[in-house]
There are 2 protein chains.
Amino acid sequence: MNIGEVAQRSGLPAKTIRYYEEIGLVAPPRDANGYRAFRESDLHKLAFLGRARALGFTIEDCRALLALYEDHSRASADVKRIARLHLDRIDEKITELQAMRGTLSQLIEACAGDNRPDCPIMEDLAALPDHGSG
Amino acid sequence: MNIGEVAQRSGLPAKTIRYYEEIGLVAPPRDANGYRAFRESDLHKLAFLGRARALGFTIEDCRALLALYEDHSRASADVKRIARLHLDRIDEKITELQAMRGTLSQLIEACAGDNRPDCPIMEDLAALPDHGSG
DNA sequence: GATAGGGGTTCCAGTCACGGGAAGGTCAAG
DNA sequence: CTTGACCTTCCCGTGACTGGAACCCCTATC
């Protein structure tokens, strides 16, 4: 398979596939003309990577997961641990975003949104940070 | 004020303040020795930027907000519009993360997490993408 | 054999919002 | 005069790609 076909079947852009080769996630052999010659196993790895990335795993997580994917004597506990750590990161991010969301939506609701300059959003942003002297 | 004091009072790292100068968000004059000489107004701008960034606004949003901050004949509607667009982006991100969270937590729950290789997480990741022929 | 097009290849630069660290100038205190 | 804390600029690295230039390969057509 050339890169175009693999791109189509894995759902990844050709650029991304080349990048994954560069960082050592896949290592397709080359044809005599220099073209990458992807095997079915490469396609499966790339599809795996695409799915893992879609779930938000970092590239380094993906590298670890791919190693476990290839390791038929793996322990599912290892997979689960990686997934759980990632879930924790996601929860942190969600919490952070929801905090922003809370503040923002309050401010937006309080803002008249008319042609006058007075604006609770501006007032909030303009507040100097607390130096907490107590 | 030198950069150290402004950093402390604004809560921003000196590095970040220099970066904000570089991209034109603040323009403190210089002392004879080449040191940046921040005015109170610069401090206020920087504190404003810090707060806006903490709410997740992009630098370009910040640039626009700062212009409105300085514009005493602004319309609060303009502020509100920027904030609302940002809120929409936050909501998108939250939705995306919650989708990941949903899939991941299901998979994690279904995974035995023992020393056997069988693992629903791996099975999910290994699925080839649908080519949707119908 | 020339040409057009649709593959493929490499390499370089840019993204976003900084952070780290080197190499060097400045200032107040002892 | 030295120490040490501050300040300066400059350049590289981050994560995970994306865009584009310049070039090669292969097939089909005239």
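Chain identifiers are assigned alphabetically (A, B, ...) following the order of the sequence lines, protein sequences preceding nucleic acid strands; residue numbering begins at 1 within each chain.
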When you look at A:C119 and B:K80, which way does the side-chain contact (heavy atoms from CB on, under 4.5 Å) test go after all the steps?
-> CA-CA 8 Å; A:C119 176; B:K80 193 169 182 172; over 6 Å; no
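Judged purely by atom type and a 3.5 angstrom limit, B:S76 uses its side chain to pair as donor or acceptor with the backbone of A:G113. In this structure, A:N2 contributes its side chain and A:G4 its backbone to no donor-acceptor pair below 3.5 Å. A donor-acceptor pair is defined here as one N or O able to donate and one able to accept, closer than 3.5 Å; no such pair exists between the side chain of A:H86 and the backbone of A:D61. Put simply, the side chain of B:D42 gets close to the backbone of B:R39: a donor and an acceptor are under 3.5 Å apart.
Remark: C1' of C:dT15 and CD1 of B:I59 are 14 Å apart, rounded to the nearest angstrom. Counting to the nearest Å, the P atom of C:dT15 and the OH atom of A:Y19 are 18 Å from each other. Rounded to whole angstrom, the span from the CD atom of B:E60 across to the P atom of C:dA17 amounts to 8 Å. We find that CZ of A:R30 is positioned 12 Å from P of C:dG8, with the value rounded to whole Å. In this structure, CD1 of B:I17 is placed 15 Å from C1' of C:dA17, rounded to the nearest angstrom.
Look at B:R53 and you won't find any side-chain N or O under 4.0 angstrom from OP1 or OP2 of C:dC16. When the side-chain nitrogen and oxygen atoms of A:R36 are compared with OP1 and OP2 of C:dG8, none of them lie within a distance under 4.0 Å. The side chain of B:N33 places an N or O atom within less than 4.0 Å of a non-bridging phosphate oxygen (OP1 or OP2) of C:dC27.
In this structure, A:M1 CE and A:E40 CD are separated by 4.0 Å, a value rounded to the nearest 0.5 Å.
Residue order along DNA chain D, read from the 5' end via each residue's closest nucleotide, puts B:I3 first among B:I3 and B:K15.
Nucleic acid contact class of A:Y20 (heavy atoms, under 4.0 Å, all strands): sugar-phosphate only.
Note that the first and last nucleotides of DNA chain D, 5' to 3', having any atom under 4.0 angstrom from a heavy atom of chain B are D:dC6 to D:dC10.
Judged by distance alone, with hydrogens and angles left aside, A:Y35 brings a side-chain donor or acceptor within reach of the base of C:dG7, the pair sitting under 3.5 Å.
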Can you list, pair by pair, the side-chain donor-acceptor contacts under 3.5 Å of residues 23-38 of chain A, counting residues two or more places apart and other chains?
| from | atom 1 | to | atom 2 | distance (Å) |
| --- | --- | --- | --- | --- |
| A:R30 | NH1 | A:G34 | O | 2.9 |
| A:R30 | NH2 | A:E21 | OE1 | 3.3 |
| A:R30 | NH2 | A:E21 | OE2 | 3.3 |
| A:N33 | OD1 | A:Y35 | N | 2.9 |
| A:R36 | NE | A:E21 | OE1 | 2.8 |
| A:R36 | NH2 | A:E21 | OE1 | 2.9 |

